[in-house]
Structure formats: C-alpha cells, structure tokens
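What follows is a single structure, written as structure tokens, with notes after it.
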Amino acid sequence: MTAHDPVVSIRNLHKRYHHVTALDDVSLEISPGEVVVLIGPSGCGKSTLLRCINGLERPTSGTVIVCGQSPTGHDRDVNLLRRRVGMVFQHFHLFPHLTAQENVALAPRHVLGLAQAECEQRANALLVKVGLEGRGNTYLQKLSGGQQQRVAIARALAMEPELMLFDEPTSALDPELVGEVLSVMRDLVRDGMTMCVVTHEMAFAREVAHRVMFMDHGRIVEEGPPDQVLESPREARTREFLARVLRTQ
Amino acid sequence: MIRRVLPVLALVLLASVRSPADAPLVIGTDATYPPLEFMEGSAFRGFDIDLGTAIAREMGREPQWVNCGFDGILAALESGKFDLVMSALTITEERRRALSFSEPYYTAGQALACRKDARRLETLGDLVGKDVGIQINTTAKEALRKRPGIRIREYNSIDLALLDLQNGNLDAVMTDSPVLRYMLKRSFDDLRMTGSLFTEEHYGIAARKDSSALIAEVNAAMRRLQDRGDLDRLRAKWFGDDSQGVGRRPIGEILRIVIPALVRAALVTVQLTFLSLILGLPIGLLMALMRLNRHRWVAIPATAYVEVLRGTPLLVQLFAVYYVLPSAGIQLGQWPAALLAFTLNSSAYVAEIFRAGIQSLDTGQMEAARSLGMSYGLAMKLVILPQALHRVLPPLTNEAIALLKDTSLVSVIAMVELTRQGQQLTGALAIPMVVWPLVGLFYLALTLPLTRLAAHLERRWQTK
C-alpha cells in the first residue's frame, strides 16, 4: 500500500437482513486525507455502510478493503484492522464505569500494551486537544452530551487511527452543544485525517467535505463536490431530500 | 479340594464384608420423638438412645448416633449411611419385606388426643368425617385407614400436629402412646388423651436385608440386657409414672439449652450458604458466558445445565446427590453432598443473573470496545463484566437470601441446621411457641446484614 492507494475500497457491496435490503450494490473509494460525507434519509443504509467498513456488519456479498485488509476475515485480523480505524457513535457509547481519562487510555493500555504512564500522558494530551483539559478524572455523568462526545472522539484518536468513521456524531445532542463537537471534527480535517462522516449537518458538510454522497434505499444516488451535490443536485430524489432537511434546519 | 477351599473363601468374604469390630456402630434416629429419642443441646437422649447405646456396648462397639428426618431415614439406611435404624420403628409386614428387624424391644399402641373442650373421641367410628393429624410415614396411617372416611393430615413432626390441634385446625391427633403421654404432660394443657390403644405395635431395630449377622448380634445383646434386668430399668426410667425428664422446666433453663443449640445450627446454615455461593459464582459466570457464546455447541450444554438445575426442585437434587449417587458407586458424606447440591443449584441461578446483567447492557458497549480493536474476551473483561457486576448485585443478594433459607432442606439428608434444630428442640422440649419465633429471629439476624451490605455497596457505586 502506497500513499496514493485508497484507504477504503468497496466493490459491489450488498447487505441483506432476511428480506430487507440495506445496501444494494454500493461501490466507493476514499483516498488518504479525503473527507467523505454521507447524507440521506434515515434507513437509507449510510450507517450500515459505515459499519461494514470496520467489520461491525458482515457484507452479504461484495468486497471491502480497508487499509489494505479485509474487515470480514479472521477475528484476529479484524481486531488488528480495527486498531487502525476509529469510530464515533451517535450515542457515544463511552464506558460509564471509567473516568474520562480512563476511557481514552483503556485501549492503548490493553490493546496496544503501552505503559500506563504513557497511556495517561496520551489521554491527557488528547483531552486537551478536544478542549477538555483538566476533566480527565471526571465520571461521565458529570459531563454534558457535547463533552461526552468529545471524550469519545479522543478515545478513538488514542489508537492513532488512519481513518475515522463518524456515525451521526451530533444527532443525539442538544442544538447548543453541536458546535463544540463539529469544531473538534474541523480540527481533525485540518490535521489531514481521512474521514467518513454520516451527518445531517449540511452546513458542516459544505464547509469540510471533499466529497458528498447522497444515499437512498441502499444505493449511492449521487456523489460529487459539496457545492455541486448540495447546491445544484442532478437527481430529483436528492433535491427532495435537501428541501426537506433544509426546511427543518 | 474344592470342598475345603470354599468355606475358607466364604470366611474371607464374610470378614471383608463385616465391619471391623472396632469401627463405631452407626445408628440413625429421628430425634424429635421424646421420650424415645430427642436432642438436648447437642446430646441425644431418650429410651431408644439409652437402649441402643447399651446394646452397642454389649456388642463391644461404640455407638455413633446420626440424626435424620423420618421421611428419609429408611432410604439412608438402605444406601449404607447407617448400620441400624432405631427410631420407634414399628415392625410391619411391609417393612419386613425390605429390611431385617431385631426382636421387638417395646410394645406401644396408637393413642388419640383431642381438645379438652371437645366431645370425647373414643373409637375409629367417632373419627369418620374428622381431621386427624399424624406424623408423616408413621403406622398411625395404617390404623386410621382401616376405617374409610377419616381425613388424614400428615405433619413433619408430631408437635406441629399437636399445635394445630390446640389451635383448632384438627379434631384429633394419633401417635404412639408413650410419645403422646410425654408431649401432653410437657406442654399441651388444653389437650387430653382419650380412650384406649387402637393397635398393638412392636418397635424393632432395623438393619439392611443382608445384615442378618448383625441382627443376630443385636438380638443376643438385647437378651443379655433383658436377663440382667437392664431393659426393665430403662423402661421404668422413661415410661414409669415418675419417669425422669418429664415435666416443666423454667424458661431460663430452656433458653440455656435452646440458644447455644441454635447458634451452632446457625453456623451450619451460614457455612453452607456462603461456601455454595462462593463456589457457585465462578461456575455461574462460566455458564452465563457459555450461554452467550455465538457457537451453538458451546451455548447448548450450558443452557441444558441451567434449565435442568432450575427446572427441578432443590429437594430432589439433594435426594439425588445423597441417596441416588451411592447406587452409582459415588458415596458422599453429608457435607460434601449438601455442598455439591447447593453449589450446582445456586450456580444455575447465578448464571441466569449474570446473563440477564450482561444482556441488560447496551450492545453499543460491546461494539465500542470491539471497534477499538479489543477481542471479544478483552471487551468482556474490561468493559462488559465490570458494568454487569454492578447490575447483578441486587439480584445476587436475593439469591444469597433465598439460598440461606433453602438450606433448611438439608434436614432430609440428616444435617442439622437452623430449621431442623428448631424441630428437634420443639420435639425435645415441647415448646414450639418459644422455639419457632427464636428460629425466625436467627434467620432475620442472618439475612438483615446481607441486605444492608448490598444496599451500602449499591449506594457507593451509584455516587461514582
């Protein structure tokens, strides 16, 4: 794998649950340093696509290659691959029995086997980076949703991933807390992180995305630069969706 | 040649089968039947006890008395837990088919008690349509069955039947005459004995069918005691009009007997509960993790384990471990058997508690852990189990309390814990109204700290 090989390469991906088709012949590539934003109505398959990238879902057919490896192989190989792919969830899924710092330091300590002191140092530095300096010893109940999501981003970054997946990272937040999370994500874009983001924040998409993909009924309907997809979409379904989303925003 | 070898061989075999003469003679008894057998503190007392001890010494053996509930006592004899049973056991044709009996050593009869204010009940005919209490599996049942229409109600011990009669829930109680006389004299002021004896019953000492040599020795010893007049002296001591040990005792003296006995019994209850819980926890955790495993060949055996142990009564499991395993060649003592049954049983419940605790966690916890590169096992250890442990604490406390109270079941395998001790004490002292509230207080004193501890831990974890 060279610097120019795609970080994610998906070919003809299908995912079916019993009789429901979640993904229908999806192909997609993400280059190093690229920021791809997935938009679309709920149930269109964007989250499923994201989860296929780090092996939380297994494709029914098609190939997925991430960082030169398949996330559908042997458990041990998938575990190794996941070290290189960070994921941020809609509902944070932080570990409530641990402090903020312990959440961030847990995987470097036990998965990478780094020294405790080094892990704590790394956790503290990342908490500073996401604007939570000095909050390391706090338990999560004492943190707001926005702060919790920033801890979750720090937790994913602690593994020094090559790719970050964001699954509607601001959907569960009160409106006034969305900004602080987006600002942390903006910093990541500036650092050159490769990112795949599922979101309904159209302004954010327009600002940071290199490419926007509109999905509907398990298919990628339209993709292109944000200005083109968001300002003058070619497809009628994209226009309908955008009209609905922008009216509510 | 063959003719000379065979007797020698038979002798060798006989010698190896017979217990060595210096081994104790193990005698089973249900010590809730004064004045024949009862407990005073930790000492066995009563006519059967004195006679059995004299017979054993006459045979040159040391007697070792084992207390056992009457409903399990013959099963225990047959599975080899004792050499003899001596427990006011009436010789009947039915019992003769399964056991060998000594010569009769005492003749009793079934007698009837009713309330003093009630109409006198004299004959079986008077009892038709009435409720009559008896002790479970005793010969009173056969006497009453001769006349159809009598409603028989069976109790675990005779003092409970008498208490129920005194409370007005029964019309009469039928039991062996010496026992009835003793109990009424001791503490049932509102009851009286009516009429004459309904049967003539002979008490005998029972052994297994194949122990005819032992029975012959017992008979010989008994004849020597009879010839020396010892047997008559014992009869006078326990059944004579001024028989000792019969009569009221001051409450202080009673408590001095009751309290230490209950403390000793409570210790057994506590040890059994905690040992089986501590052993059951890791087994239960393992079974829970196996049931949650995605491989069916791992999950199915664990599911079967849990379902069998949860779906059958603990009492049946105890019976199986103590009385049935010996027939498969596995002979366990009381403690190992009780511990095994309780550990298996509690592990099944613990498994379900852990499984529910783990499944109650958001699946996102596992996904978040896995997406950080943790293996399934590591995610379990670092993320899932620490959280599940907090959630299972309240149901585990419930299980500990339930287990503690369930230990009362071990009386069926002749272990003396709190409830069984209560039965023995009420039997011996005939003061159920003092003993049972005390037993209840002892249980409460054991369970209350448990619930307080659990509440304390929950509060501490909550504040995190």
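Letters A, B, ... mirror the listed sequences (proteins, then strands); counts begin at 1.
- Here A/Leu106 is the residue among A/Asn54, A/Leu106, A/Val88 with the most heavy-atom pairs under 4.5 Å with chain B.
- For a residue to count as touching a neighbouring chain, one of its non-hydrogen atoms must lie under 4.5 Å from one of that chain's; by this rule A/Leu94 touches chain B with the backbone only.
- Both the backbone and the side chain of A/His110 have a heavy atom closer than 4.5 Å to some heavy atom of chain B.
- Screening residues 42-90 of chain A for ring pair (Phe, Tyr, Trp, His ring centres under 6.0 Å), with sequence neighbours left out, gives A/Phe89-A/His93.
- Among the residues in residues 342-378 of chain B, those with a non-hydrogen atom closer than 4.5 angstrom to a non-hydrogen atom of chain A are B/Asp362, B/Gly364, B/Gln365, B/Glu367, B/Ala368, B/Ala369, B/Arg370, B/Ser371, B/Leu372, B/Gly373, B/Met374, B/Ser375, B/Leu378.
- Without hydrogens or angle criteria, A/His97 side chain to B/Leu382 main chain gives a donor-acceptor distance under 3.5 Å.
- Taking non-hydrogen atoms and a 4.5 Å limit, the residue list of residues 305-325 of chain B in contact with chain A is empty.
- Among the residues in residues 152-160 of chain A, those with a non-hydrogen atom closer than 4.5 angstrom to a non-hydrogen atom of chain B are A/Arg155, A/Ala156, A/Met159.
- Surrounding CZ of A/Arg186 are more than 12 heavy atoms belonging to other residues, nucleotides or ligands, all under 6.0 Å away.
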